[in-house]
Amino acid sequence: MADIARSSAARPSRRHARNIGNLALQVALVAIVLGLIAAAAHNAAVNMAKANIAHGFGFWNNTAGFDISQALVGYSASASTFGRAFWVGLLNTLLVSAVAIVLSTALGFIIGIARLSHNWLVSRLAGGYVELIRNIPLLLQILFWYNAVLKSLPELKGSVTLPFGGFLNNRGLFLPKPVFAPDFSAVVIALAIGVACALALRIWARRRQERTGEQVYLLGPTLALIVGLPFIVFLVAGKPLTFGIPDMGRFNIRGGLEILPEFAALLIALSVYTAAFIAEVVRAGVLAVPAGQTEAAQALGLRSTTTLRLVVVPQAMRMIVPPLTSQYLNLTKNSSLAVAIGYPDLVQVFAGSVLNITGQAVEVIAITMAVYLSISLVTSLLMSLYGRMVAVVER
Amino acid sequence: MASDTFYLRQTPLVVLLPPRARAGVLGWLRANLFSSPFNIGLTAICVILIAWVVPPLLRFLLVNATWSGDRAACLPSADNPHPGACWAFVRVWLSYFVYGFYPIAQRWRVDLFFVALAFGIGWLAWLRAPRRDVAALYFFVVLPVLSLILLCGFPLIGLPGVSTVLWGGVLVTIVVATVGMVCSLPLGILLALARRSQIPVVKWLAVMFIEFVRGVPLITVLFMASVMLPLFVPEQLSPDKLLRALIGVAMFASAYMAEVIRAGLIAIPRGQYEAAQALGLGYWRTTALVVLPQALRVTLPNIVNVFIALFKDTTLVFIVGIFDFLRTIEAARGDPRWTSPIVSITGYAFAALFYFVCCYGMSRYVHGMERRLARRSG
């Protein structure tokens, strides 16, 4: 009895001691971190003063003075600021990432499903693709597409002529450029109305099926609304769309839509590389749906396409979406390898050119990192919301 | 049903062969390639694809390839109008690809480093090797010191110093990958433990570091290490270029390693912690003797996966101006005495082969290890 009393008396004091120890540890850690930051800031100030480098974000509004080969918004070397260059770079990063995400998803799903095929040859080929692409560094693939493939295309004089007036040479791909007349907005409005009606129709059909059990096949009406309606408006409005055909001159090609070889190489490499990872994500997701689910659906008399649509895909998607998103994030981060071939993305423009001109390493790198960091954090926030939304409700 | 009549077969049935169409090569073909019209179509597409890609590839890489000579031998000529890969280029530049500009008289030191490293990896990777604890000590303590002395030089014992500016090629790739591995494992363990700590400041510092590094591209971390780091330290302490890149890579790899190890820690059942506490073990002994050994074992495949990614990522040091293997290929490819489209393709093919062999080898190892783990637990 005495022993127990003593130990219970001793316990609070031991916990007390541990708490004090923890507190001391935390204070010490904070002090060390703050000390390191202060020392670094002091050294940076000394070193920058010695090298005559300005500090602060004043450079943002200074004239940039360098050219950017691809700008989605108006930009000129003599008139635009560093801030403008930042937005140009960021938009280029987002452009190549967005297009590569679409392409890699399409390719990745095809290959992932091919890997699951019962056809031996198909699954082996898909497996070979995944193993080959995954085990070769992305940077090497980008350099390969850029230097060995696209830069070995014929020069301007020997350009490959493509159908509909396009050209392909080692300066890029030149395609007819769509030119929208003002009336084209009617087509866009028609498309929006079509999509809205199709969605409404779908909701109505779902309610009706829940009430009466009757199914309505919506493929025809949906297509008519989404494709047919805008097309009719397009014809009625007098085809408000023309194409600017690229014009081959003696020294360059004018007009048309120009796709830089840097953009194309980065796009191809990113899509091909990420597709291999997406294929693995898809395969794992589909395999994670127990075979019993398919068997049960078949036992209920569902056709194989219905089984796939209503039973397998929804469950597989729950497994696929989170890792798929992290692949998209990886792709966006990997697009920074653009700097190796000179595609003007955020890192190349900002952490490259702007950094070299201003010399303000700390500010420039901090801004660049902050951009990627916010993209990552926003995406993971959305993902955790999605995760909460699709979480299986256990009974 | 009282009856004493019963039937008993006296002779065994004749064993019949399976139906012809379901057995042997024919049956296999039918089941796996020609089971339905759709499958027949797929098979046909695949065969066409293979016939379209593989023979030209083999012709380029092997049949029409140039194995010796100089640039002229690799260009189209009368007796070889469609020249294949220019392996002569790789042959001439091979020692540059492996050692960079490391002084020729001192290259035995690099060879010795490769041997010492291979020995360590072999010992660690062979799961049934004796005394793997000694192997870990060798790999994480002895080898780094030994390598530093061997590669950088130690004039006191007669090894002249070799500046890291002269290092290059496979040597740098291996050094970056190994340093990343050797640093990231202990740092990753510490970060993972810190992130699971009950102490708020420790936890939040770890979370901030890990999420920060994982949220930005490696390139920006390398840029940070190469342009910001020199600003943050007194001028006389400014680390050399390779060391800066190594710091960046080590930081980056530790954050990823920490997450992998944390997943392993989460996988350990609570009962293990509780049992250890019931035995009177404190935090550090619980962690070191009970939790970590189990966590590391289940997470070993993922640790090797991080290493595969790290090995591929070493190519990025190229961008901050370090002569790794890929950069030496680029440099040699651009040499005016050699440059030509075929030489470029050959250089990239050689680099791809190197990385593929290394990474695929590691991923096969992971595969074997996963099967072993599954067998043990299943």
Side-chain angles (χ1 to χ4, degrees), chain A residues 22 25-27 29-30 33 39-41 43-44 46-48 50-51 53 114 117-122 124-125 131-132 134-141 143-144 147-149 151-152 329 332-337 339-340 347 351 355 361-362 364-366 368-369 372-377 380, chain B residues 28-29 31-33 35 39 42-43 45-47 49-50 198-202 205 211-212 214-221 223-224 227-228 230-235 238 308 311-316 318-319 326 329-330 333 341 344-345 347-349 351-352 355-360 362-363:
Chain A
N22 279 349
L25 177 69
Q26 298 191 46
V27 171
L29 262 176
V30 171
V33 170
N43 284 327
V46 169
N47 285 331
M48 280 160 76
K50 216 181 283 171
I53 300 173
S117 166
H118 294 300
N119 188 315
W120 183 82
L121 208 51
V122 171
R124 281 304 154 104
L125 269 185
E131 289 299 344
L132 182 70
R134 270 204 316 182
N135 288 314
I136 296 178
L138 176 60
L139 183 59
L140 175 56
Q141 297 190 31
L143 290 174
F144 170 79
N147 289 322
V149 179
K151 279 286 158 189
S152 325
L329 272 183
T332 310
K333 286 189 277 173
N334 283 336
S335 74
S336 60
L337 292 183
V339 68
V347 170
L355 174 58
V362 179
V364 168
I365 299 279
T368 313
M369 285 182 148
Y372 286 102
L373 206 57
S374 18
I375 296 177
S376 295
L377 292 181
S380 43
Chain B
W28 184 88
L29 281 178
N32 289 298
L33 295 180
S35 60
N39 254 335
L42 281 182
T43 306
I45 292 173
C46 289
V47 169
L49 202 66
I50 292 172
Q198 311 271 325
I199 309 170
V201 170
V202 173
L205 281 176
E211 293 305 323
F212 166 69
R214 279 161 40 95
V216 298
L218 174 55
I219 284 280
T220 57
V221 175
F223 269 136
M224 186 176 88
V227 298
M228 270 164 75
L231 289 177
F232 287 155
V233 295
E235 210 172 2
S238 191
I308 296 176
F311 192 77
K312 287 188 292 172
D313 281 343
T314 58
T315 50
L316 269 64
F318 167 133
I319 293 170
L326 190 57
I329 297 259
E330 279 290 285
R333 183 184 79 77
S344 296
I345 297 178
Y348 291 138
Y355 286 107
F356 181 80
V357 167
C358 294
C359 296
Y360 187 67
M362 285 188 271
S363 78

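Order of the sequence lines sets the chain letters (A, B, ...), proteins ahead of strands, with each chain counted from 1.
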| request: For the pair Asn135(A) and Ser363(B), evaluate side chain to side chain contact (heavy atoms under 4.5 Å, CB included) and give the outcome as yes or no after the intermediate values. | output: CA-CA 9 Å; Asn135(A) 288 314; Ser363(B) 78; 4.3 Å; yes
| task | Using atom types as modelled and distance alone, determine if a side-chain donor or acceptor of Lys151(A) lies under 3.5 Å from a backbone N or O of Pro341(B). | result | no
| Leu125(A) versus chain B, heavy atoms under 4.5 Å apart: side chain, backbone, both or neither? | side chain
| Any side-chain heavy atom of Ser376(A) sitting closer than 4.5 Å to one from Glu211(B)? | no
| message | What part of Val339(A) gets within 4.5 angstrom of chain B, counting heavy atoms only: side chain, backbone, both, or neither? | response | side chain
| Should we say atom CZ of Arg124(A) is surrounded by more than 12 heavy atoms from elsewhere, each under 6.0 Å from it? | no
| said: Could you check whether any side-chain heavy atom of Thr315(B) comes within less than 4.5 Å of a side-chain heavy atom of Leu140(A), counting everything from C-beta outward? | reply: no
| message | A side-chain contact here means heavy atoms from C-beta on lying under 4.5 Å apart; do Leu42(B) and Leu121(A) qualify? | response | no
| task | Counting only heavy atoms closer than 4.5 Å, note whether Leu138(A) contacts chain B via side chain, backbone, both or neither. | result | neither
| message | Please classify the contact between Leu33(B) and chain A as side chain, backbone, both or neither, with a heavy-atom cut-off of under 4.5 Å. | response | both
| request: Among Ser336(A), Ala41(A), Ser117(A), Ala39(A), single out the residue with the greatest number of heavy-atom pairs under 4.5 Å to chain B. | output: Ser336(A)
| Which answer fits Leu143(A), side chain, backbone, both or neither, if we ask what part of it has an atom under 4.5 Å from a heavy atom of chain B? | both
| task | Please report the shortest heavy-atom distance between Leu231(B) and Asn47(A), naming the atom on each side. | result | O-ND2, 2.8 Å
| message | Counting only non-hydrogen atoms closer than 4.5 Å, does Val33(A) touch chain B with its backbone (N, CA, C, O), its side chain (CB onward), both, or neither? | response | side chain
| Is any side-chain heavy atom of Asn147(A) less than 4.5 Å from a side-chain heavy atom of Tyr348(B)? | yes
| query | Considering only heavy atoms, which portion of Lys50(A) lies under 4.5 Å from any heavy atom of chain B: side chain, backbone, both, or neither? | reply | side chain
